[in-house]
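Just so it is clear: chains get the letters A, B, ... in the order the sequence lines come, proteins before strands, and each one is counted from 1.
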Amino acid sequence: MSSEKMKLTLRVWKQKDGASKGRFENYVLEDANPHMSFLEMLDHLNEKLMKEKKEPIEFDHDCREGICGSCNLMINGIAHGPQQKTAACQLHMRHFKDGDLITIEPWRATAFPIIKDLVVNRYALDRIMAAGGYVSVGTNSAPDANAIPIKKRDADLAMDFATCIGCGACVAACPNASASLFTGAKIAQFSLLPQGGPERKRRVVNMVDQMEKEGFGDCSNYAECEAVCPVGISIDAIARMRREYMGAMKG
Amino acid sequence: MQNVKTNLKTSDKLDAKIPAGPIQEKWSNHKNTIRLVNPNNKRKHTVIVVGTGLAGASAAASLAELGYNVKAFCIQDSARRAHSIAAQGGINAAKNYPNDGDSVWRLFYDTVKGGDYRAREANVYRLAEVSNAIIDQCVAQGVPFAREYGGLLSNRSFGGAQLSRTFYARGQTGQQLLLGAYSALSKEVHSGKVEMFAREEMLDLVVIDGKAKGIITRNLVNGKINRHAADAVLLCTGGYGNVYYLSTNAKNSNATAAWRCYKRGAMFGNPSFTQIHPTCIPVSGEYQSKLTLMSESLRNDGRVWVPEKPGDKRAPNDIPENERDYFLERRYPSFGNLVPRDVASRNAKYVCDDGKGVGESGLAVYLDFRDAIKRDGENTIREKYGNLFDMYHKITDENPYKVPMRIFPAVHYTMGGLWVDYNLMSNVPGLFVLGEANFSDHGANRLGASALMQGLADGYFVIPYTLGDYIAGERPEPVSTDHEAFKAVEHENIERIDKLLKSNGTKTVLDYHRHLGKLMWDHVGMSRNKEGLEKAIKEIAALKEDFWENVYVPGEQSTYNKYLEYAFRVVDFMELGELMARDALVREESCGGHFREEYQTEEGEALRDDENFAHVTAWEFAGENKVPERHIENLEFENVKLTQRSYK
Ligand SMILES: Cc1cc2nc3c(=O)[nH]c(=O)nc-3n(C[C@H](O)[C@H](O)[C@H](O)COP(=O)(O)OP(=O)(O)OC[C@H]3O[C@@H](n4cnc5c(N)ncnc54)[C@H](O)[C@@H]3O)c2cc1C
Ligand code: SF4
Ligand code: FES
């Protein structure tokens, strides 16, 4: 099993820091293995580079199980690579062939400046959250957890939206670099729960405003975001966000 | 009740400050009598919170709400990405919604017993006591816990508990709880009470006149070394499972912050207490970078087995029923597949040692859903575990609906950590330690779904009170970051970084981490003995020396440089690994996850020695390359009766 070797050519974006200009650099890896994860393949390449005293490739990662949202690789032009509903860290090399040329780039968006090589800064997403992605409930002021029953269907649907990992692939895939799927997911989650009620209008207005301020584009319904989202957030999130926004504007 | 006394005396340096009175009243009495900070004065105080996992995010948000100025730090690019995000299974509370007889008392009792009687009763009782408020808080934040058709919250049994007391959000409970705490934190970032420093790593602690007064950090984007002063430092930096190289922890989880505090005088409690989780996806090759947990909830329906004949290489579905050994069901008829983690892991090791292990490496056992699917149908199983089955499928390329999963134990959690008193303060005044980073509540073995509970208990419901007590008593004056102590500690760290970057050897940091991991797994892992531990101590010392001579760290200080960060952390892992081995060596008994081969019952179960070891071991740094000093905190059991844990 682990003896099957794959030879790969990797075309990787290299950039020293935010101020420098970047370029693609080619690397040949003779002994990748189909059971490696994509990131393990990069680890392996980096080990080889360092043994030759060459600079390793910087990429972001942490959990390596598709939940933290750290990894952000554009693989052959697709955010998180060819396998649907899979973050780059969960992608395995068995989805590639011996002899393949693989192009690896960071997320590209004005709101995500490059830090180094494949690592970008996504603080803009945190600022959208800080603008209203919460219920203002202080510690120790909550009623009993079962005081307000919630329909299972609503709770389940809220959970579907809540599973967003904040990776930003939706932004990277969108021709307008819009963060609508990310923002919409949070708004949709709260719109389905009674706890989200009191701040409903304020939330949507503030979050949408912040999204614009950060330099994310508008949504033109390309639906590229949904196609690359590693956890399958439905584009229905954006429709719900629009409805919430209209509602807020009216009243 | 039984009052166990050890032969050793609690060290003068370790005052647990357990409040007087019956256990049920300790926490409320304490809250009623501790000192309070006037609301107008809170804003004059700055508190540093290192880490934004469940413990850190909940603490930072709660303290900011009270009016303190909070500076929060994390190493990821966002607070939301802390390792807590990966927790799957659930969080315990004593709500007793299912009406199955649960209570604070039972949750307390189970946790102390599950920890094999090596935790402090008073802390655990408080944990159980505040558990219900955690669920209330999270629901109010909009955490979408699983619900029943009637609209009320759903519970399941988890991790060997005989009650349904676990709340969950599909297989992503940690994610949802962390996003809840992160949302509370974001609210305070927005209000300006929390200043958030993402991608900023704490390198060291600054102690002035014996008190924690600040930290030195490195900005991971531009390499800048920064000084931050405060009236108190809260360490919420998680566990150190990555000492073993392969573990279920996130890749960046590390021991550095805690280890630096240790070297500045904070004592390290029970460092050898490590949890090895029975249900992880086995290692598949040399290149493996981490291990993935398959939630323990799977053991509710999956049956664990190996072929009866050693070396049987047939495909699992070709092995007839009478040639399978359902070893947990056989050895533990009353708990079966639901025995606690330490027991399940050890037994998997035994059958593999006997040559019955499966898969290419022979280091795996089956977790089989055939019977559950037959009984409940594939759809029911999919509804319960769909996301876990998918994850397994993605990683192994095998379909667990058709072929049994292969699982093997992996390092998962560290019960040990910095020693803290009842107020969660270390022996260095002003340094508090919360969440997995402290040693406090889980004894020698943690029960499932109780780490999330502890992280949030510490952050939401304990520290807001106990920090106030410290500040009110201490009335700290602000210190300047120009103070000599800041300069000195900063200088030491700059020198360290320079030294690492100048090293121009032939081995990578990963080479050393792997080597350390293997030593730890082989000798300080699931089963330990004197000879192996002594060997580990010697070999780690040699490894450390080799590291400074032969390592190669690429790049420069002034840019993003992951391998420099990594080198920094591996140095600390090596030093901590040595202490873990030392701790395991002096604990001449078996308890919970600490299994010393010399101390076992005839049936191969852990054999405790309550007479001599019903205590916490806390280690004090004595200088580089010196044997650290060992201190003891005796554990008094006034409410719980110590028995041999039996799951037969
Ligand atoms: C796969 C998995 C599944 C689990 N499932 C469950 C479960 O179902 N139920 C349960 O109860 N428990 C579970 N656990 C255990 C539980 O998730 C952890 O114990 C808990 O989340 C730890 O939380 P924490 O806040 O203490 O630390 P963490 O979440 O680890 O957070 C540490 C924080 O510290 C920061 N940090 C670290 N070092 C530094 C530094 N030097 N400088 C600055 N910042 C730093 C990090 O950036 C991070 O923000 C699971 C663990 C794993 C690995
Ligand atoms: S919506 Fe999907 S793609 Fe966008 S940030 Fe969330 S998880 Fe990532
Ligand atoms: S590394 Fe966490 S989602 Fe990929």
Greatest number of heavy atom pairs closer than 4.5 Å to chain B - which of [options]:
options: A/Gly196, A/Ala158, A/Gly138, A/Gly66; result: A/Gly138
options: A/Asp17, A/Leu125, A/Asp156; result: A/Asp156
options: A/Ile148, A/Leu39, A/Val137; result: A/Val137
options: A/Gln90, A/His92, A/Met36, A/Arg94; result: A/Arg94
options: A/Asn121, A/Asn46, A/Leu91; result: A/Asn46
options: A/Glu55, A/Glu65, A/Lys54; result: A/Glu65

Contact summary for [X] and [Y], nearest pair of heavy atoms:
X: A/Glu58; Y: B/Asn561; answer: OE2-CA, 3.4 Å
X: A/Thr86; Y: B/Lys394; answer: OG1-CE, 3.3 Å
X: B/Leu153; Y: A/Asn146; answer: N-OD1, 3.0 Å
X: B/Leu179; Y: A/Ala162; answer: CD1-O, 3.7 Å
X: B/Ser289; Y: A/Arg64; answer: OG-NH1, 2.8 Å
X: B/Ser186; Y: A/Ala130; answer: O-CB, 3.7 Å

Which atom pairs, one a donor and one an acceptor, fall under 3.5 Å between side chains of residues 188-195 of chain A and the rest of the protein, sequence neighbours left out?
{"residue": "A/Gln189", "atom": "OE1", "partner": "A/Lys186", "partner atom": "NZ", "Å": "2.8"}
{"residue": "A/Gln189", "atom": "NE2", "partner": "B/Gly142", "partner atom": "O", "Å": "2.9"}
{"residue": "A/Ser191", "atom": "OG", "partner": "A/Ala188", "partner atom": "O", "Å": "2.8"}

Region of [X] in contact with chain A, defined by heavy-atom distances below 4.5 Å:
X: B/Thr559; result: side chain
X: B/Gln176; result: side chain
X: B/Tyr552; result: side chain
X: B/Asn222; result: neither
X: B/Phe461; result: side chain
X: B/Thr396; result: backbone
X: B/Glu148; result: backbone
X: B/Asp397; result: both
X: B/Leu291; result: backbone

Enter the distance from [X]:[atom1] to [Y]:[atom2] here, rounded to the nearest 0.5 Å.
X: A/Asn206; Y: B/His190; atom1: CG; atom2: NE2; answer: 6.0 Å
X: A/His61; Y: B/Lys562; atom1: NE2; atom2: NZ; answer: 4.5 Å
X: B/Leu510; Y: A/Met50; atom1: CG; atom2: CE; answer: 7.5 Å

Check whether any side-chain N or O of B/Gln137 sits under 3.5 Å from a backbone N or O of A/Asn140 as a donor-acceptor pair, and report yes or no.
->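 Yes, the answer is positive, given that a donor and an acceptor are paired below the 3.5 Å cut-off.
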Would you check if the side chain of B/Glu65 reaches a backbone N or O of A/Thr139 as a donor-acceptor pair within less than 3.5 Å?
->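 The answer is yes, because a donor-acceptor pair under 3.5 Å joins these two groups.
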Taking NZ, NE, NH1 and NH2 as the nitrogens, is one of them in [X] or [Y] under 4.0 Å from a carboxylate oxygen of the other?
X: B/Arg170; Y: A/Asp160; value: yes
X: A/Asp154; Y: B/Arg147; value: no
X: A/Asp126; Y: B/Arg80; value: no
X: B/Lys251; Y: A/Asp43; value: no

Heavy atoms of other groups near [X] [atom1], more than 12 under 6.0 Å:
X: A/Arg108; atom1: CZ; result: yes
X: B/Glu398; atom1: CD; result: yes
X: A/Lys7; atom1: NZ; result: no
X: B/Lys507; atom1: NZ; result: yes
X: A/Glu25; atom1: CD; result: yes

Going by atom types only, do A/Asp144 and B/Tyr97 share a side-chain donor-acceptor pair under 3.5 Å?
->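 Yes.
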Measure distances from A/Phe59 to the heavy atoms of chain B and classify the residue's part below 4.5 Å as side chain, backbone, both or neither.
->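 For A/Phe59, the backbone is the part near chain B, not the side chain.
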Test side-chain contact (heavy atoms from CB on, under 4.5 Å) applied to A/Val231 and B/Gln175, step by step = CA-CA 13 Å; A/Val231 294; B/Gln175 180 197 30; over 6 Å; no
Pair B/Glu556-A/Lys16, side-chain contact (heavy atoms from CB on, under 4.5 Å): steps then yes or no | CA-CA 11 Å; B/Glu556 41 198 300; A/Lys16 184 162 183 269; 3.6 Å; yes
Applying side-chain contact (heavy atoms from CB on, under 4.5 Å), run through A/Asp60 and B/Arg199 and close with a yes or a no.
-> CA-CA 11 Å; A/Asp60 213 346; B/Arg199 289 204 206 270; 3.1 Å; yes
Look at [options] and state which one has the largest set of heavy-atom pairs under 4.5 Å with chain A.
options: B/Leu185, B/Thr508, B/Asn132; result: B/Thr508
options: B/Ser62, B/Gly174, B/Ser154; result: B/Ser62
options: B/Thr248, B/Val189, B/Asn504; result: B/Asn504

Would B/Arg81 and A/Arg122 count as a side-chain contact (heavy atoms from CB on, under 4.5 Å) if you check the C-alpha gap in whole Å, the side-chain angles of each, and the deciding distance to 0.1 Å?
-> CA-CA 12 Å; B/Arg81 305 201 204 287; A/Arg122 285 170 287 191; 3.6 Å; yes
Given side chains that start at C-beta, do those of B/Gln172 and A/Ile165 come closer than 4.5 Å, heavy atoms only?
->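 No; the side chains remain at least 4.5 Å from each other.
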